[in-house]
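Keep in mind the model is a prediction, meaning the values are calculated, not measured. Residue numbering restarts at 1 for every chain, and letters A, B, ... go by the order of the sequence lines.
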Amino acid sequence: MPELPEVETVARQIRSQFLNKRITEVIAQPAIIFRDITAAQFASELAGKKLDAVRRYGKFLFWQTGNLFPMFHLGMSGIFLRDKKLSMYPQHIHISFEFEDGGNLYFQDARKFSKVYLLRQEPDFDNLGVDPSKENFTLINFRKLLNLKKMNIKTLLMDQKIIAGIGNIYASEILFGCGIRPTRSADSLSSKAAERLFYEIKRVLNAAIQRFGTTYTAYRTVDGSAGTNQNFLKVYQREGEPCIHCGRPIKKIIQNSRSTFYCPKCQR
DNA sequence: TCTGACCTGCGA
DNA sequence: TCGCAGGTCAGA
């Protein structure tokens, strides 16, 4: 599921529905998604703990349960569902959490690209770049960061060590929104273009959060419903369709083995 | 820096 | 049947 708006949506929903509730039972199926811990250990250590906090950094979701910090990266298709019956792929449910009030939360991932950790201390995310929803994502810092990088701007936006949270859909949408061609070198952007990009990152991500994320394939909210941001995408998966501004067909190229969509006239 | 591998499901 | 999909990572 995975970009910042989807993970933020999930964090908010888990927080509103399960915060401060005790986890009475955890059932975890052995799967490659568990990192540095077995499924059985994960389940036994979390049973009986209270969900004290639900937070997000970049694409990582992490909880605080007493002195333990379960952390999840949702990969391409990891989703949390509060009701198993809503699941399209019940065979791929890897973890079941039962809470004291009888509510259930399930973690499911058909493709098994997700990663699940159980940390002994709060994660610091020192290895990740700035999260664009946090206070330290400032225009001054962003300009400095661009000036240092010769890589193309789309690759930079998606590099989690530089900016944490942007993935393939939002990278294309952000660059379209501020009229910057995805192949441009980051250090070639004018001060003004950098400023447009900075504010467009915030605008696109915030709008997507308000719409509960983008459901393109697997992603669902915790209630099992689709997000709605896919109805507002301007370029992603719209190859050949007319640009909403100039009418020219949207172009698709491959960058770093990932699809990029842009308007050749509006984005320079 | 680039490519392939990791997985499964879906649509052309 | 094949190619592609909101992501990462190791290895060339």
Side-chain angles (χ1 to χ4, degrees), chain A residues 1-11 29-36 56-61 71-80 87-94 107-117 123 125 127-129 131-133 148-176 182-183 185-187 201 204-205 207-209 211-222 225-240 252-261:
Chain A
M1 75 158 81
E3 301 185 45
L4 186 155
E6 289 76 36
V7 184
E8 178 63 26
T9 299
V10 169
Q29 308 295 339
I32 59 169
I33 63 171
F34 291 97
R35 301 300 167 109
D36 308 322
R56 178 197 60 74
Y57 190 94
K59 300 176 188 175
F60 284 88
L61 172 71
M71 185 169 81
F72 308 85
H73 188 291
L74 305 174
M76 293 281 260
S77 53
I79 58 175
F80 278 94
S87 168
M88 290 195 297
Y89 316 111
Q91 70 273 32
H92 295 304
I93 288 175
H94 304 299
F107 181 70
Q108 154 189 311
D109 183 8
R111 292 177 69 180
K112 302 190 190 83
F113 286 167
S114 55
K115 284 173 264 188
V116 178
Y117 309 80
F125 300 108
N127 55 336
L128 291 184
D131 180 309
S133 69
L148 293 172
K149 303 292 180 182
K150 292 209 176 298
M151 63 171 71
N152 72 61
I153 188 64
K154 196 231 180 187
T155 302
L156 182 145
L157 290 180
M158 290 180 63
D159 188 330
Q160 302 302 299
K161 290 187 173 62
I162 300 174
I163 301 174
I166 299 174
N168 207 34
I169 292 182
Y170 296 112
S172 282
E173 292 296 313
I174 287 165
L175 289 168
F176 176 78
T183 51
S185 171
D187 65 355
I201 289 171
V204 167
L205 297 178
I209 291 170
R211 296 171 185 141
F212 306 103
T214 302
T215 295
Y216 177 64
T217 54
Y219 167 68
R220 293 293 181 282
T221 71
V222 174
S225 52
T228 60
N229 195 62
Q230 63 279 10
N231 302 319
F232 298 86
L233 297 177
K234 310 263 192 332
V235 289
Y236 183 76
Q237 289 295 352
R238 300 183 75 102
E239 183 186 17
K252 173 183 172 178
I253 58 172
I254 302 295
Q255 286 179 293
N256 287 349
S257 311
R258 310 297 302 279
S259 301
T260 298
F261 300 85

**Q.** Atom P, compared across C:dG11 and B:dC7: separation rounded to whole Å
**A.** 15 Å
Q: Fit a plane to each ring of A:His73 and A:Phe60, take the angle between them on a 0 to 90° scale, and name the class: parallel (under 30°), tilted (30 to 60°) or perpendicular (over 60°).
A: perpendicular
Q. Is the backbone N or O of A:Lys59 less than 3.5 Å from a side-chain atom of A:Glu3, with the two atoms forming a donor-acceptor pair by type?
A. no
**Q.** Short side-chain N/O contact from A:Lys59 to OP1 or OP2 of C:dT8, under 4.0 Å
**A.** yes
Q. Tell me: CD1 of A:Ile169 to P of C:dC4, nearest whole Å?
A. 17 Å
Q: Going by the side-chain contact (heavy atoms from CB on, under 4.5 Å) test, name the single residue among A:Ile253, A:Ile169, A:Ile254 that passes it with A:Ser259.
A: A:Ile254
Q: Look at the side-chain N and O atoms of A:Arg258 and state whether any lies under 4.0 Å from the OP1 or OP2 oxygen of C:dG7.
A: yes
Q.
Below the 4.0 Å mark, does B:dG9 have OP1 or OP2 next to a side-chain nitrogen or oxygen of A:Gln91?
A. yes
Q: Specify the separation, in whole Å, of atom CD1 of A:Ile162 and atom C1' of C:dT8.
A: 15 Å
Q) Between A:Lys115 and C:dG7, does any side-chain N or O lie under 4.0 Å from OP1 or OP2? A) no
Q: Would you indicate what A:Gln230 reaches in the nucleic acid, counting non-hydrogen atoms under 4.0 angstrom: base, sugar-phosphate, or nothing?
A: nothing
Q: Return the nearest nucleotide to the side chain of A:Met76; candidates are B:dC7, C:dA5, B:dT8.
A: C:dA5
Q: Would you indicate what A:Thr215 reaches in the nucleic acid, counting non-hydrogen atoms under 4.0 angstrom: base, sugar-phosphate, or nothing?
A: base
Q: Return no unless some side-chain N or O of A:His92 is found under 4.0 Å from OP1 or OP2 of B:dT8.
A: no
**Q.** Rounded distance (Å) that lies between atom C1' of C:dG7 and atom CG of A:Leu74
**A.** 11 Å
Q) CD of A:Glu3 versus P of C:dG7: gap in Å, rounded? A) 5 Å
Q: Without swapping roles, check the side chain of A:Gln230 against the backbone of A:Thr215 for a donor-acceptor pair under 3.5 Å.
A: yes
Q.
From C-beta outward on A:Ser257, which listed nucleotide comes closest to its side chain: B:dG9, B:dT3, C:dG7?
A. B:dT3
**Q.** Nearest-Å distance once atom C1' is located in both C:dC9 and B:dG9
**A.** 23 Å
Q) After noting the C-alpha distance and the side-chain angles of A:Asn152 and A:Thr155, does the key distance pass the side-chain hydrogen bond (donor to acceptor under 3.5 Å, both in side chains) rule? A) CA-CA 6 Å; A:Asn152 72 61; A:Thr155 302; 2.8 Å; yes
Q: Identify which nucleotide among C:dG7, B:dC2, C:dA5 has an atom closest to any side-chain atom of A:Asn256, counting heavy atoms from C-beta outward.
A: B:dC2
Q: Give the rounded distance in Å between these two atoms: CD of A:Gln237 and C1' of B:dC10.
A: 13 Å
Q | Test side-chain contact (heavy atoms from CB on, under 4.5 Å) applied to A:Phe72 and A:Val10, step by step | A | CA-CA 11 Å; A:Phe72 308 85; A:Val10 169; over 6 Å; no
Q.
I need the NZ-C1' distance between A:Lys112 and B:dA5, as an integer number of Å.
A. 15 Å
**Q.** For atom CZ of A:Arg111 and atom C1' of C:dC4, their distance in whole Å
**A.** 9 Å
Q. Can you check whether A:Ser259 has a side-chain N or O nearer than 4.0 Å to OP1 or OP2 of C:dA5?
A. yes
Q | Base partner of B:dC7, which must satisfy Watson-Crick or wobble distances under 3.5 Å | A | none
Q: Would you check if A:Phe113 stacks with the base of C:dT8, given a 5.5 Å centroid limit and a 30° plane limit, both strict?
A: no
Q | Distance test, side-chain N/O of A:Gln160 to OP1/OP2 of C:dT8, below 4.0 Å | A | yes
Q) Just checking A:Glu173: base, sugar-phosphate only, or nothing, at a heavy-atom cut-off of under 4.0 Å? A) nothing
Q. For the pair made of CD1 in A:Ile79 and P in C:dG7, what is the distance, rounded to whole Å?
A. 16 Å
